[in-house]
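These notes are about the structure you will find just below.
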There are 2 protein chains.
Amino acid sequence: MARTSGSHSEITGPRILEAALKLFAESGYAAVSMRKIASEVGVQVGALYNYTPDKQSLLFGLMRDHMEKLVAAWDQETRPDTPMARLEHFARFHVGYHHVRRDAVFIAYMELRNLTPENFAVIEGLRSTYEGKLEDILEEGARNGSFSVPDAKIASMALIAMLTGVNTWFRETGRLPLEEVQDIYWEMTRKAVTA
Amino acid sequence: MARTSGSHSEITGPRILEAALKLFAESGYAAVSMRKIASEVGVQVGALYNYTPDKQSLLFGLMRDHMEKLVAAWDQETRPDTPMARLEHFARFHVGYHHVRRDAVFIAYMELRNLTPENFAVIEGLRSTYEGKLEDILEEGARNGSFSVPDAKIASMALIAMLTGVNTWFRETGRLPLEEVQDIYWEMTRKAVTA
DNA sequence: GTCTATAAATCGATAGAC
DNA sequence: GTCTATCGATTTATAGAC
């Protein structure tokens, strides 16, 4: 991991982001020092400040990037014809996407307290945007009779909490493959909002 | 908040726990200094060490106390006759209990990373014990045909994640009273596990 | 672009007076 | 039981050499 003194950058910037993502997820923002990040990358602490103005920007950049990519990824998914099919697509997409971005998801949930108020507002806006995607599906389905949902906003928060919860326990090496977990969670999702 | 110099203790111990609970929930364990806790109580930092051997014990004590009281509180609840009635009782109890202990619940979820391995194992054991209460209900209901649950362990984790999620958005001053929120979440819970 | 060295502040924890 | 004072370590961030 350590590099020869004075060696020059190839891709130090991305490696800093990668190291910060891993370490923030492991130990938490406040518990990870800039020196620890530098050590993980294999540079001295001063070098980090060629790529970020400060530690806060490092955290905010990771969270914003994650949330923006999440929203963009969903927007680029295909859009099935019926609310029921769209809900199924959302449930499977959410579980799958959050699984492969485990560290970023974890940080986006756990480190909200460590954002400045301005940065917090940005992340909250992106979170709300994403949640609105599910809310819209539920409202459409409620209107056309596919779903029985007294409050689409609350139902969307409830379902997202349930689906995101997969990340707290699922491991590739566990008892079930992700596809079966997605089946189970989709089934619970479907039943929870159907008449 | 500040106290006259040299004044003596009446209930400093509990006030330290109260301050630590509030501050850990607000800012996170790693971001809260012992000096900050002392300041919240109105004593100097040295006085804290008459009540806790170190900062880690303060965190662990709060988390263990919360989890033990949660398990004990559920065990003392009445036990309805049918799995369906027991599930409803659990859903409403979980939402209600977690609402009034918001700070402790938040800490118990967010600060697991900051526990020593030994302390982590204790808290995880208590969490598993509590989760098992729901799992047992689901298994009984699956056996007698009340529920359609392919995997009681996964279903219990999914439902607990959903129910606990209320804490992330519900406020007393919001659009709905807690009782209506409990109605909505119970309805989703019931449907999610019914055939 | 990375290094070393350092500034200035803060951390957890302890010692000893009262 | 609480205070003041302090130790030693660590923090973020910067300055300047190379």
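Heavy atoms only: backbone and side chains are in, while hydrogens, waters and symmetry mates are out.
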Between [atom2] on [N] and [atom1] on [X], what's the gap in Å once rounded to a whole number?
| X | N | atom1 | atom2 | value |
| --- | --- | --- | --- | --- |
| A:Q44 | C:dA5 | CD | C1' | 11 Å |
| A:I11 | C:dG1 | CD1 | P | 14 Å |
| A:R15 | C:dG1 | CZ | P | 15 Å |
| A:Y51 | D:dA13 | OH | P | 18 Å |
| A:Q56 | D:dA13 | CD | C1' | 15 Å |

key: Set of residues satisfying side-chain contact (heavy atoms from CB on, under 4.5 Å) with respect to A:E111, sequence neighbours excluded   =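 side-chain contact (heavy atoms from CB on, under 4.5 Å) list for A:E111, sorted by chain: A:Y29, A:L59, A:M63, A:I107, A:N114, B:R113.
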inquiry  = According to side-chain contact (heavy atoms from CB on, under 4.5 Å), who are the partners of A:E139, at least two apart in sequence or on a separate chain?
reply    =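 Checked A:E139 against side-chain contact (heavy atoms from CB on, under 4.5 Å); matches are A:E135, A:D136, A:R143, A:A152.
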request  = Report yes if a side-chain nitrogen or oxygen of B:T12 is closer than 4.0 Å to either non-bridging phosphate oxygen (OP1 or OP2) of D:dT2; otherwise report no.
outcome  =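 Checking B:T12 against D:dT2: at least one side-chain N or O falls below 4.0 Å of OP1 or OP2.
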Donor-acceptor contacts under 3.5 Å from residues 87-96 of chain B side chains, at least two apart:
from	atom 1	to	atom 2	distance (Å)
B:E88	OE2	B:R92	NE	3.0
B:E88	OE2	B:R92	NH2	3.2
B:H89	ND1	B:T78	O	3.1
B:H89	NE2	B:E77	OE1	2.6
B:R92	NH1	B:D183	OD1	2.8
B:R92	NH2	B:D183	OD1	3.2
B:H94	ND1	B:Y130	OH	2.7
B:H94	NE2	B:T164	OG1	2.8

For nucleotides 10-12 of chain C, which of its nitrogen or oxygen atoms have a protein nitrogen or oxygen under 3.5 Å away, and what is each distance?
from	atom 1	to	atom 2	distance (Å)
C:dC11	OP1	B:S33	OG	3.3
C:dG12	OP1	B:K55	NZ	3.0
C:dG12	OP2	B:M34	N	2.8
C:dG12	N7	B:R35	NH1	3.0
C:dG12	O6	B:R35	NH2	3.1

task = Only pairs at least two apart or in different chains count here, so list each ring pair (Phe, Tyr, Trp, His ring centres under 6.0 Å) that has a residue in residues 166-185 of chain A.
result =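 Qualifying pairs, neighbours excluded: A:H99-A:F170.
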ask   = What residues, two or more places apart in sequence or in another chain, satisfy side-chain hydrogen bond (donor to acceptor under 3.5 Å, both in side chains) together with B:K69?
value =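 B:K69 satisfies side-chain hydrogen bond (donor to acceptor under 3.5 Å, both in side chains) with B:D65 once adjacent residues are dropped.
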message = Could you check whether any side-chain heavy atom of A:S146 comes within less than 4.5 Å of a side-chain heavy atom of A:E140, counting everything from C-beta outward?
response =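 No, their side chains stay 4.5 Å or more apart.
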